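This one's a predicted model, so the numbers in the text were calculated from it and none came from an experiment. When a ligand or atom number is given, it counts from 1 through the structure's own listing order.
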Amino acid sequence: MKLATKMIHAGAHPDPSTGAIMTPIYQTSTYVQEAPGKHKGFEYARSQNPTRQALEEALAIIENGKFGLSFSSGVAATDAVIKLLQPGDEVIAANDMYGGTYRLFTKVFEKFGIKFLYTDTTDPENINSLITNNTKLVWLETPTNPLMNVTDISAVSLITKSKNILLCVDNTFASPYLQNPLDHGADIVMHSATKYLGGHSDVIQGALVMNDADLREKLYFIQKSCGAVPGPMDCFLVLRGIKTLHLRMQRHSENGAKIAHHLRNNPKVKKVYWCGFEDHRGYAIAKKQMRDFGGMMSFTLKDDSDAAARKVLSSTKLFSLAESLGGVESLINHPSSMTHASIPREERIKNGLTDGLIRLSVGVEDAEDLIADLDNAIG
Ligand SMILES: *Cc1c(COP(=O)(O)O)cnc(C)c1O
């Protein structure tokens with residue numbers, strides 16, 4: 001099945017009791033049993049819910065995986081992956097990933113004896129050189145948030161597979177429309193479904209997709225034992241969002257390309273970070289593992305200062321100043337004071353995340369209106 005057909009039909013089965021074409025919101029905590037242990041496969045809603053089951057099936061199909069699991073948030077999905085590990089285990093992660101992932105790793109899991117090592121994963125050799133006998137997981141984000149660095153998933157998977165290390169890719173920025181990490185050798189794909197999968201800025205949710213049945217059992221056990229499950233209404237919203245993912249991503253990508261090129265030609269702009277530029281360091285890899293380049297980008301002004309950035313951030317009218325990304329409406333964000341404030345300043349600057357960096361989540365409005373809004377704000 002081709003991508004667009006999958007988005008519409010994945011996980012969709014007419015409801016067995018009524019024929020409803022949309023999976024109903026099964027707002028129930030428990031299910032009546034005919035006799036003790038005699039039930040229809042549903043016992044208690046933390047363990048099973050039909051709306052969630054439809055969504056998990058859809059997630060697996062659109063990521064070209066066998067199994068999907070959905071969580072109450074993206075960080076809850078990440079949390080479940082780390083709970084596969086034990087004290088003494090080591091994780092190698094990207095040094096410019098989502099701030100909340102960094103916070104979860106350093107502030108929550110380090111104290112349980114798990115060690116996290118950070119490196120520039122755009123060079124797989126950096127990963128190779130940090131591997132020890134205790135390395136159990138490599139955590140990638142590509143393209144990264146917010147600097148749009150690209151890592152070659154298949155090159156990293158060659159290393160991890162040869163050493164029996166799990167490879168998990170946070171695919172939130174690309175969405176399953178632009179990139180399917182399992183096809184390139186990843187073991188687990190993680191999503192903040194809050195972003196492109198939901199697509200309408202109205203839900204918090206996370207997802208994991210995998211191929212290995214054993215891994216699925218372990219992660220399902222963590223999902224039900226730790227209990228970070230999404231409610232059925234939220235599952236319904238993400239199921240609905242997936243139906244237009246391909247249409248939205250096409251427009252996000254078109255608008256993204258127009259805005260990236262326009263910003264680059266603005267004399268007040270110093271640098272635009274967008275992986276669709278042919279001279280972007282990761283362009284060849286992006287071209288190989290992604291179908292298009294999406295609507296996420298960052299830029300700095302020639303005056304790469306906190307004050308100059310703040311002026312732009314408070315002057316746009318269509319781009320709303322807010323955290324998050326991936327919704328139909330355009331958002332503008334200041335990573336250093338917002339999404340990435342939890343990363344120490346020294347650490348941030350070292351990785352190129354300056355005080356003046358501005359991140360855009362380009363929506364699906366008319367590109368000309370968005371360009372006029374940015375021109376006006378940049379002045
Ligand atoms: C938002 C985000 C997360 C965390 O997801 P939540 O749904 O907010 O918990 C993780 N990774 C990336 C890349 C994100 O943008």
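Residues that satisfy the side chain to side chain donor-acceptor pair (under 3.5 Å) test with Arg251, not counting sequence neighbours, are absent from this structure.
At a cut-off of 3.5 Å, with distance as the only test, a side-chain donor of Asn128 or Lys163 sits close to an acceptor on the other residue.
Taking the six-membered ring where the residue is Trp, Tyr31 and Phe42 present tilted rings, their angle falling between 30° and 60°.
Screening residues 174-188 for salt bridge (Lys or Arg N to Asp or Glu O under 4.0 Å), with sequence neighbours left out, gives Lys161-Asp187.
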### Query
What do the steps show when you test Tyr102 against Tyr118 for ring-ring contact (aromatic ring centres under 6.0 Å, His included), and what is the final call?
CA-CA 10 Å; Tyr102 178 82; Tyr118 302 94; 5.2 Å; yes
What does the N/O contact table under 3.5 Å look like for ligand 1?
residue	atom	partner	partner atom	Å
ligand 1	5 (O)	Ser192	OG	3.0
ligand 1	7 (O)	Gly74	N	2.9
ligand 1	7 (O)	Ser192	OG	2.8
ligand 1	7 (O)	Thr194	OG1	2.6
ligand 1	9 (O)	Gly74	N	2.9
ligand 1	9 (O)	Val75	N	2.9
ligand 1	11 (N)	Asp170	OD2	2.7
ligand 1	15 (O)	Lys195	NZ	2.7

N/O donor to acceptor pairs below 3.5 angstrom from side-chain atoms of residues 363-372, sequence neighbours left out:
residue	atom	partner	partner atom	Å
Glu365	OE1	Ser330	OG	2.8
Glu365	OE2	Ser330	N	2.9
Asp366	OD1	Glu368	N	2.9

